[in-house]
Amino acid sequence: MQPIIIVLIILVVLVFIALIKTIQVIPQASAAIVERFGRYTRTLNAGLNIVVPFIDSIRNRIDLREQVVPFPPQPVITQDNLVVNIDTVIYYQVTDARAATYEVASYIQAIEQLTVTTLRNIIGGMDLERTLTSREEINAALRGVLDEATGKWGIRVNRVELKAIEPPTSIQDSMEKQMRADRDKRAAILTAEGIRQSQILTAEGEKQSAILRAEGESKAAALRAEGEAQAVRTVFEAIHAGDPDQKLLSYQYLQMLPKIAEGDANKLWIVPSEIGDALKGLSGAFGNLGGGAPGFNTGGNGGNGGNGGNEGNSGNGGGAGVVNPRGAAVERREEPPVY
């Protein structure tokens, strides 16, 4: 009885194992290669699949999603004999699971070596400056070569990116110095342009200010001249309208004499020659009133002019002056008053 139970248990276990090997569940975006007695039979797609147990076997499970593989830095020599280290990143996707399994032993290693050799060929035809500034060109050329070579492996290279390009340390120092010099040059140029623009604006402002100031002064001078002309015109019209005689003019001349003699420092002044005629008229006017000219002699050195003149001299509290009717210089002397 016991051997029968053991056999039944063994049969149940074998059936269970056979069921497990018969039913294959493939995840989404994956594929499986089935071999029968070591020969490729078919490719299992995502979902539930039935295989023959103990006859069919799963050779390889392949992820069909896009993969990202970074490669370590590779030394590359440029056209101008400089060694640069370049890091690359490959974006690829398996499109044919069978070809990726049987056409190449290790497609990751194959892609890496192909990338290195292609990159050396491309960089070898460029100098350092072009290498640093032509990443897009290098990426496009590298992607074209890789996509063409990996097509028969059932792999599609979507993108190739240069992650870093590192020139030698000495070259980096020289590049930094050059960049610093370029920045200093641009800064100096910008500063000079700013100063030049500021000076231009300042000169323009001063020019406009000077023009406006000159226009204002011109208008003010014109208005002052017009006002003075109007004043002179008004006075001239008033004088002609009043019709003054010789007596009034003589009196005005006499009123101007004290203003001429103002100040202690005035020892000598010029008397106009026309004042003689005025004094003559004024003397005649005073003579008609019964006296002489007060302290003036129009003909010679006299100073009294009659009794009325003596009284006039006695009333002077300061110095006596001699008047020359021809405009000669007259000296003023300080004398004590006579009582």
Side-chain angles (χ1 to χ4, degrees), residues 26-33 35 40 43-46 58-183:
I26 306 300
Q28 183 66 34
S30 297
I33 301 299
E35 291 181 350
Y40 171 77
T43 301
L44 300 182
N45 297 321
I58 303 299
R59 165 68 184 274
N60 191 14
R61 293 178 183 268
I62 298 176
D63 194 345
L64 300 179
R65 295 175 297 179
E66 186 174 7
Q67 303 294 321
V68 180
V69 179
F71 295 144
Q74 299 294 329
V76 181
I77 301 176
T78 61
Q79 187 178 12
D80 46 358
N81 296 325
L82 294 175
V83 179
V84 295
N85 294 323
I86 300 179
D87 296 347
T88 56
V89 178
I90 303 296
Y91 295 81
Y92 72 93
Q93 184 177 11
V94 177
T95 58
D96 188 352
R98 177 182 176 278
T101 303
Y102 297 106
E103 295 295 334
V104 62
S106 175
Y107 56 84
I108 297 297
Q109 185 179 2
I111 293 175
E112 180 181 1
Q113 296 301 320
L114 183 61
T115 301
V116 172
T117 55
T118 306
L119 190 61
R120 288 176 178 174
N121 291 333
I122 296 174
I123 300 299
M126 297 181 178
D127 55 7
L128 179 60
E129 185 175 358
R130 185 182 175 188
T131 301
L132 296 175
T133 58
S134 303
R135 291 198 176 191
E136 292 296 331
E137 181 181 354
I138 297 172
N139 292 338
L142 190 60
R143 179 180 177 276
V145 174
L146 290 177
D147 195 17
E148 181 180 358
T150 58
K152 63 180 180 179
W153 299 340
I155 297 173
R156 182 177 68 246
V157 177
N158 297 326
R159 295 183 64 184
V160 179
E161 294 292 339
L162 299 182
K163 187 166 61 174
I165 300 177
E166 298 179 359
T169 305
S170 59
I171 300 300
Q172 291 182 7
D173 295 338
S174 300
M175 293 172 61
E176 290 178 359
K177 292 180 180 179
Q178 182 180 1
M179 293 175 62
R180 191 180 301 111
D182 290 338
R183 292 193 184 97

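Computed over heavy atoms, backbone and side chain alike; hydrogens, waters and symmetry mates excluded. These numbers come from a predicted model, not from an experiment.
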Nearest-0.5 Å distance that lies between atom CD in Gln67 and atom CD1 in Ile90: 13.0 Å
Distance, nearest 0.5 Å, that separates CD of Gln113 from OG1 of Thr118: 10.5 Å
Check: Tyr107 and Thr150 side chains under 4.5 Å, non-hydrogen atoms: no
Minimum side-chain heavy-atom gap Leu146-Tyr92 below 4.5 Å: no
Ile58 side chain reached by Leu44 side chain, heavy atoms, under 4.5 Å: yes
Val76 and Arg120, any side-chain heavy atoms less than 4.5 Å apart: yes
Test side chain to side chain contact (heavy atoms under 4.5 Å, CB included) applied to Thr101 and Tyr40, step by step: CA-CA 10 Å; Thr101 303; Tyr40 171 77; over 6 Å; no
Point-to-point distance, once rounded to the nearest 0.5 Å, from CZ of Arg183 to CD of Glu176: 9.0 Å
pair Glu112-Pro72: side-chain heavy atoms closer than 4.5 Å: yes
Separation of Asn81 CG from Leu128 CG (nearest 0.5 Å): 11.5 Å
Note, Ile26 side chain near Asn45 side chain (heavy atom, < 4.5 Å): no
Leu119 side chain reached by Leu142 side chain, heavy atoms, under 4.5 Å: yes
Test item: Arg156 side-chain N/O and Asp147 main-chain N/O as donor-acceptor pair under 3.5 Å: no
For Arg130, side-chain contact (heavy atoms from CB on, under 4.5 Å) partners two or more places apart: Met126, Asp127, Ser134, Glu137
Test item: Thr88 and Val116 side chains (from C-beta on) under 4.5 Å apart, heavy atoms: no
Reported CD1-to-OG1 distance for the pair Ile165 and Thr78, which is rounded to 0.5 angstrom: 11.0 Å
Full working for side chain to side chain contact (heavy atoms under 4.5 Å, CB included) between Tyr91 and Glu161: CA-CA 8 Å; Tyr91 295 81; Glu161 294 292 339; 4.2 Å; yes
Pair Val89-Val69, side chain to side chain contact (heavy atoms under 4.5 Å, CB included): steps then yes or no: CA-CA 6 Å; Val89 178; Val69 179; over 6 Å; no
Gap separating the CG atom of Asn139 from the CG atom of Leu162, nearest 0.5 angstrom: 4.5 Å
